Amino acid sequence: FGDKVKQLSETIWEIDPSYKEGMRVPARIIGTEKLIREMDDAVIEQITNVATLPGLLRAAYCMPDGHSGYGFPIGGVAAMDAEKGVISPGGIGFDINCGMRLVRTDLTEAEVAPKLTELVDLLYTRVPAGVGSKGFVKLAPNEFKEVIAEGSQWCLKNGYAWPEDLALTEESGCIAGANPEKVSQKAIDRGLSQIGTLGSGNHYLEVQVVREGNIFDRKMAEAMGLFPNQVVVMFHCGSRGFGHQVATDYLQVFLEVMAAKYGIKILDRELACAPFRSPEGRDYFSAMKCGLNMSFANRQTILHRIRECFARIFGKSAEALGMRMIYDVAHNTAKLERHPIDGKSRELLVHRKGATRAFGPGHEALPERYQPYGQPVIIGGSMETGSYLLVGTEGAMKETFGSTAHGSGRTMSRTQARKQFRGDRLQKELRARGIYVRSASFAGLAEEAGPTYKDIDEVVDACERAGISRRVVKFAPIGNVKG
Ligand code: 5GP
Ligand code: MN
Ligand code: MN
């Protein structure tokens with residue numbers, strides 16, 4: 001990688017600020033040599049651009065699943081000084097609070113197998129997927145404003161949640177300080193009908209199995225309610241058109257004020273930002289939190305539907321089927337958190353874009369039951385290869401502001417994938433291998449073939465070697481509703 005890249009440890013690579021004019025701190029990329037070689041060149045340019053942002057502390061980080069994105073790489077982590085730093089929509093992503101939720105059941109693979117197609121078909125009709133999909137929750141604009149102010153609490157009030165679900169969601173499913181008045185009418189109009197919908201492409205609802213031999217930490221797995229041959233459900237979605245519109249609106253605002261009002265020069269207009277403590281920065285933060293809450297409510301409502309589907313297919317209530325949440329965690333956010341800088345605890349604005357929070361054992365933000373183990377981290381692999389449950393570590397707290405990977409990350413563009421794979425053929429092949437997939441679009445399915453993603457085992461291995469998370473269980477896919 002040239003003499004500007006220094007290998008700090010087996011899996012941590014540092015690019016010196018002398019690499020590029022304007023870098024305030026180094027950039028650090030986490031990964032095995034293989035993963036780093038597989039990253040597109042734009043990742044290095046993007047993460048070093050991020051290192052020029054005002055107020056950035058310690059280093060701009062890229063996780064092992066990193067690939068290039070809008071402004072920031074996907075897999076980017078940037079912690080800003082809350083007083084002197086900036087907030088940047090490109091560091092959060094258009095799909096605000098895109099995240100993963102994992103739900104356990106008492107069912108075994110043998111019990112589910114005979115009913116798998118029926119189950120997946122029902123999930124496919126009950127949890128709408130695809131670009132323009134509309135949900136079953138019909139809301140007036142004023143009710144939608146309640147949803148974005150209250151997140152999962154709104155769901156609890158309206159019969160779409162169990163009380164314990166909230167305790168098992170990051171921020172208890174409702175982040176304080178969301179202000180619906182800071183959100184445009186256009187964003188509200190786009191979001192109104194989207195509660196309870198998956199969205200397209202990379203978003204999914206997967207029925208998975210804990211295979212014997214894929215449990216890496218028995219004690220933790222047991223404490224989290226996991227056992228061999230068990231069926232679990234993992235799903236991935238975000239704030240749909242609502243979050244996208246919020247991000248779009250504020251990117252425009254930031255482009256107008258960034259240089260003219262605040263004299264901030266950036267290397268890439270996709271890194272548009274504003275001082276966090278400026279009126280524009282604060283407004284975006286409040287609006288972005290509405291996106292966080294919308295997404296928590298979306299995943300909560302989807303969970304409600306999943307429970308209904310299982311109850312119908314297996315003729316028992318969701319409670320009787322043991323359909324308890326393991327956890328819900330975001331991977332597109334910026335949050336105020338306290339972390340030590342030069343030995344002193346400071347309030348930082350931590351941007352995570354395609355990166356998962358991974359707090360270590362004993363952190364006050366963790367639910368009581370996970371205190372001894374660390375925060376559950378839910379990571380998708382692909383519809384073919386499997387996914388993981390990890391936990392956060394002390395190492396993540398020290399190195400990456402409590403962050404880790406969020407998936408395997410793409411190896412090829414969607415255009416290239418469509419040339420290489422065919423959705424209908426892929427669906428048949430997967431079926432023959434015991435994975436029943438229903439998708440809103442065959443073209444979309446082709447873009448999501450296993451080889452379009454990096455090797456999830458390699459990514460997780462890199463996270464473990466870097467000390468930023470630990471493996472608990474790997475899940476194998478058997479059914480999937482694809483966006
Ligand atoms: P994102 O789209 O949020 O950047 O990435 C989510 C991650 O989920 C991807 O990096 C990929 O590894 C993973 N993923 C995408 N589609 C699927 C799927 O259908 N099933 C599973 N298990 N993982 C997926
Ligand atoms: Mn998303
Ligand atoms: Mn995502």
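In each ligand, atom 1 is the first atom listed, and ligand 1 is the first ligand listed. Heavy-atom basis, side chains included; hydrogens, waters and symmetry copies ignored. Since the structure is predicted, the reported quantities are computational estimates derived from the model, not experimental observations.
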* **Contacts of type side-chain contact (heavy atoms from CB on, under 4.5 Å), residue Glu337, not counting sequence neighbours** => Lys335, His339, Val350, Arg352, Arg357, Phe359
* To do: Can you establish whether the number of heavy atoms outside Arg101 located under 6.0 Å from its atom CZ is more than 12?
  => yes
* Asked: Is it true that atom CD of Gln420 has more than 12 heavy atoms of other residues, nucleotides or ligands lying nearer than 6.0 Å?
  -> yes
Atoms in ligand 1 flagged as close to [X], the criterion being non-hydrogen separation under 4.0 Å:
| X | result |
| --- | --- |
| Glu206 | 18 (C), 19 (O), 20 (N), 21 (C), 22 (N) |
| Glu448 | 15 (C), 16 (N) |
| Asn202 | 1 (P), 2 (O), 15 (C), 16 (N) |
| Asn480 | 18 (C), 19 (O), 20 (N) |

* To do: Step by step, work out the side-chain contact (heavy atoms from CB on, under 4.5 Å) result for Arg422 and Phe442.
  => CA-CA 7 Å; Arg422 281 200 34 197; Phe442 277 136; over 6 Å; no
* To do: Please work out which of Lys482, Met383, His236 has its closest non-hydrogen atom nearest to atom 16 (N) of ligand 1.
  => Lys482
* Which residue from Ser439, Cys237, Gly381 reaches closest to atom 12 (O) of ligand 1 through any of its heavy atoms? -> Gly381
Which heavy atom of the protein is the closest neighbour of [atom], given with residue, atom name and distance?
| atom | result |
| --- | --- |
| atom 10 (O) of ligand 1 | Gly409 N, 3.1 Å |
| atom 5 (O) of ligand 1 | His406 NE2, 3.1 Å |
| atom 15 (C) of ligand 1 | Tyr453 OH, 3.4 Å |

Whether the [X] and [Y] side chains hold a donor-acceptor pair (N or O, under 3.5 Å, no angle test) is what I'd like checked.
| X | Y | answer |
| --- | --- | --- |
| Gln300 | His304 | no |
| Tyr453 | Glu384 | no |
| Ser184 | Gln245 | no |
| Asp121 | Tyr436 | yes |

Report yes if some N/O of [X] lies less than 3.5 Å from some N/O of ligand 1; otherwise report no.
| X | answer |
| --- | --- |
| Ser408 | yes |
| Cys98 | no |
| Gly380 | yes |

* Asked: Checking side-chain contact (heavy atoms from CB on, under 4.5 Å) for the pair Thr356/Glu170: CA distance, chi angles, key distance, verdict?
  -> CA-CA 11 Å; Thr356 313; Glu170 182 174 348; over 6 Å; no
* ring-ring contact (aromatic ring centres under 6.0 Å, His included) pairs, two or more places apart, involving residues 403-429 -> His331-His406
Heavy atom of [X], distance to ligand 1 below 4.0 Å:
| X | result |
| --- | --- |
| Asp65 | no |
| His331 | yes |
| Pro477 | no |

* To do: Go through the structure and list residues passing ring-ring contact (aromatic ring centres under 6.0 Å, His included) with Phe235, not counting sequence neighbours.
  => none
* salt bridge (charged side-chain N to carboxylate O under 4.0 Å, His left out) assessment of Lys454 paired with Asp65 -> CA-CA 8 Å; Lys454 290 185 226 180; Asp65 54 336; over 6 Å; no
* To do: Mark yes or no for whether Asp217, through its side chain, and Val472, through its backbone, hold a donor-acceptor pair below 3.5 Å.
  => no
* Structure fact -> Here the Mn ion (ligand 3) sees protein N, O or S atoms within less than 2.8 Å, and their number is 3
